[in-house]
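A short worksheet on the structure shown next.
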Amino acid sequence: MGVRNKRTLTKTRRHVRDLDQIKADLNSQKHLSQYKDMKPNEDLPGLGRWYCVECAKWYDTESNLILHRKGKPHKRRVKQLREQPYTQKEAEAAIGLGVNAHPPHGTDTTADNEVEMVS
């Protein structure tokens with residue numbers, strides 16, 4: 001029995017932490033330490049000594065971490081983290097679920113919009 005869809009397998013294998021999780025790591029050292037303590041150091045590259053917080057990746061050596069920080073993917077991730085994440089309120093407003101999105105039931109809005117034509 002083999003894997004039916006190898007594309008799905010590789011996509012999930014490369015999955016790293018989401019931006020909101022990384023943002024929580026940057027804001028709270030407690031959140032980051034809880035994540036680091038979950039993983040046994042023996043299983044991590046470089047025994048868990050070199051970790052890029054912004055990209056949520058472990059590296060074998062310090063030189064690899066330094067090279068990574070100079071690279072384009074790291075800089076792209078840092079730029080993404082600088083942007084403010086969308087709030088639930090903004091998401092609801094985008095689809096029209098705001099406070100005043102729909103008039104109350106039973107009110108007639110056509111009377112307000114009528115314009116009298118003068119000849």
Say whether L81 and Y51 are linked into one hydrophobic cluster, either directly or through other cluster members, by side-chain heavy-atom distances under 4.5 angstrom. yes
Are L67 and W50 linked, directly or through intermediate hydrophobic residues, by side-chain heavy-atom contacts shorter than 4.5 Å (ILVMFWY only)? no
Distance (rounded to the nearest 0.5 Å) between R49 CZ and E62 CD: 10.0 Å
Please round to the nearest 0.5 Å and tell me the distance separating atom CD of E54 and atom CZ of R82. 10.0 Å
I'd like to know whether CD of E90 has more than 12 heavy-atom contacts from other residues, nucleotides or ligands below 6.0 angstrom. yes
Count the heavy atoms of every other residue, nucleotide or ligand shown that sit under 6.0 Å from NZ of K57, and state whether that count exceeds 12. no
Which heavy atom of R69 sits nearest to which heavy atom of C52, and what is that distance? NH2-CA, 4.5 Å
Which pair of non-hydrogen atoms, one from C55 and one from I22, has the smallest distance, and what is that distance? C-CD1, 4.4 Å
Checking the side chain of S33 only, and the main-chain atoms of Q29 only, is there a donor and an acceptor separated by less than 3.5 Å? yes
Could you check if a side-chain atom of L19 sits within less than 4.5 angstrom of a side-chain atom of K23, using non-hydrogen atoms only? no
Validation row: K75, K79 side chains within 4.5 angstrom (heavy atoms): no
Residue set satisfying ring-ring contact (aromatic ring centres under 6.0 Å, His included) with H68, at least two apart, ordered chain then number -> Y59, H74
